[in-house]
Amino acid sequence: NGKTNVLPLLSARKLHSTLSTAITSSSPRAAFSRPLPRQCNSSKSFHASISHSKGMVDDDLVATIKKELQYETDSDEVPDFLQKFKAQKIFQILAEPGSNEIVLARDFGRDERVEVRFSLDDVAQPDEQYANEESEEMDDDDDDEMDEALGKPTAVEISVSKRNPDAGVIVFDGLAEAGSFHIHTIRHFEDRNLAFDNSATTEYQRRTKYIGPVFEELDEEVQGRFWDYLEERGVNNSLAEFIPDYAAYRENQEYVKWMGDVIKFVQTS
């Protein structure tokens, strides 16, 4: 039906691949990963360290992080893909500084609210089936090239709600991958709070609800009508291209903020 055509994805900064790889490793940043040296005389080292007003390696740590920070902030320009997205004025980006959660929101028609939710964490945690398929077909170098060209598959939750609370909310769960959306399930909640609240009680209640049919097992005509429904509301291949790029961009912004926070902490007396 043409709704899953793979479109070229706008390239994020080359750092994207490095950042995503670093998140999934046991160490936050491989560049700062080094085993601590064993102390021959722990008692002597302890007494020596407490005689100083601050750690002897603090300045070296700050200098190293500042060098990395300078590298990351050489260009503070807003990337082209983000400028174009904002110029369209279709979706509003809702994201709190320091938060992994991002919402793209818009009003549709007179009474509908469309929201696309995704997390920065999901950029570095590709769908299991996707990862297995890629490992069978490509070696590590090819995987890196594909990551840069198409971005990481990103889990998304697309919701459509109405002003009338009795209408409830419909939620599409799936992936934004390689310039297209892939829908897994479509759920309907009579209670909107049940769809959006993240408390432990509500999470348990959600798990006990029928999650809806597997999307790919629906009649092809029904699938096509759902794709039309989403595309009319702006959930299309262009948006699927934007999501992985923006997630990589935001992850880098949070990394820069993290470095500044760490520098400030180490320097504070």
Side-chain angles (χ1 to χ4, degrees), residues 9-83 85-86 93-102 118-126 139-154 242-269:
L9 187 63
L10 296 168
S11 297
R13 297 177 59 189
K14 188 174 180 181
L15 184 62
H16 171 199
S17 178
T18 304
L19 292 171
S20 299
T21 303
I23 299 174
T24 56
S25 66
S26 59
S27 172
R29 295 277 162 178
F32 296 112
S33 176
R34 185 180 66 171
L36 294 174
R38 296 182 61 185
Q39 299 290 342
C40 297
N41 190 332
S42 59
S43 177
K44 181 179 179 180
S45 298
F46 174 76
H47 288 296
S49 64
I50 62 174
S51 64
H52 297 276
S53 60
K54 65 177 183 177
M56 292 183 290
V57 300
D58 290 16
D59 291 341
D60 292 338
L61 174 62
V62 169
T64 303
I65 298 178
K66 281 185 175 180
K67 190 181 300 182
E68 172 76 357
L69 182 61
Q70 179 64 43
Y71 173 79
E72 296 293 345
T73 56
D74 278 344
S75 176
D76 291 332
E77 296 181 2
V78 177
D80 290 341
F81 79 90
L82 184 53
Q83 292 185 46
F85 180 84
K86 291 183 175 181
I93 302 174
L94 307 177
E96 294 292 334
S99 173
N100 281 338
E101 302 303 315
I102 300 170
F118 57 98
S119 172
L120 300 184
D121 290 338
D122 293 327
V123 179
Q125 299 174 4
D139 58 23
D140 291 340
D141 292 337
D142 290 337
D143 285 341
D144 292 340
E145 292 177 3
M146 183 172 184
D147 286 344
E148 289 186 19
L150 300 178
K152 296 284 188 178
T154 306
F242 171 79
I243 288 175
D245 276 347
Y246 183 71
Y249 167 77
R250 271 302 301 271
E251 198 280 337
N252 191 53
Q253 295 294 102
E254 292 300 328
Y255 175 45
V256 167
K257 180 181 181 300
W258 173 85
M259 286 191 288
D261 291 342
V262 171
I263 290 172
K264 182 179 179 180
F265 171 81
V266 175
Q267 292 181 325
T268 300
S269 58

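As a basis for the values below, the full set of heavy atoms in this structure was taken, side chains included, without hydrogen atoms, waters or symmetry mates.
One finds the OG1 atom of Thr154 at 7.0 Å from the CD1 atom of Ile243 (value rounded to the nearest 0.5 Å). The line from CD of Glu254 to CG of Asp261 is 9.5 Å long, rounded to the nearest 0.5 Å. How far CG of Asp59 is from OG1 of Thr64: 10.5 Å, rounded to the nearest 0.5 Å. Expressed to the nearest 0.5 Å, how far CG of Asp58 lies from CD1 of Ile263 amounts to 12.5 Å. Note that CD1 of Ile102 and CG of Leu94 are 10.5 Å apart. Values are rounded to the nearest 0.5 Å. To the nearest 0.5 angstrom, Arg250 atom CZ is 10.5 Å from Leu82 atom CG.
Smallest separation of non-hydrogen atoms from Ser119 and Glu101: OG-OE2, 3.5 Å.
With hydrogens and angles left out, the side-chain atoms of Glu251 and Tyr246 include no donor and acceptor closer than 3.5 Å.
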**Item:** Intermediate values then yes/no, side chain to side chain contact (heavy atoms under 4.5 Å, CB included), Phe242 and Ile93
**Value:** CA-CA 12 Å; Phe242 171 79; Ile93 302 174; 4.0 Å; yes
Worked check of side chain to side chain contact (heavy atoms under 4.5 Å, CB included) between Glu68 and Tyr255:
CA-CA 10 Å; Glu68 172 76 357; Tyr255 175 45; 2.9 Å; yes
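No donor-acceptor pair closer than 3.5 Å links the side chain of Ser99 to the backbone N or O of Ala95.
Partners of Gln70 by side chain to side chain donor-acceptor pair (under 3.5 Å), not counting sequence neighbours, listed by chain and number: Asp74.
Crowding of Gln83 atom CD: a count of heavy atoms from other residues, nucleotides or ligands under 6.0 Å exceeding 12.
The aromatic rings of Phe81 and Tyr249 stand perpendicular to each other, their planes meeting at an angle above 60°, with 30° marking the opposite boundary.
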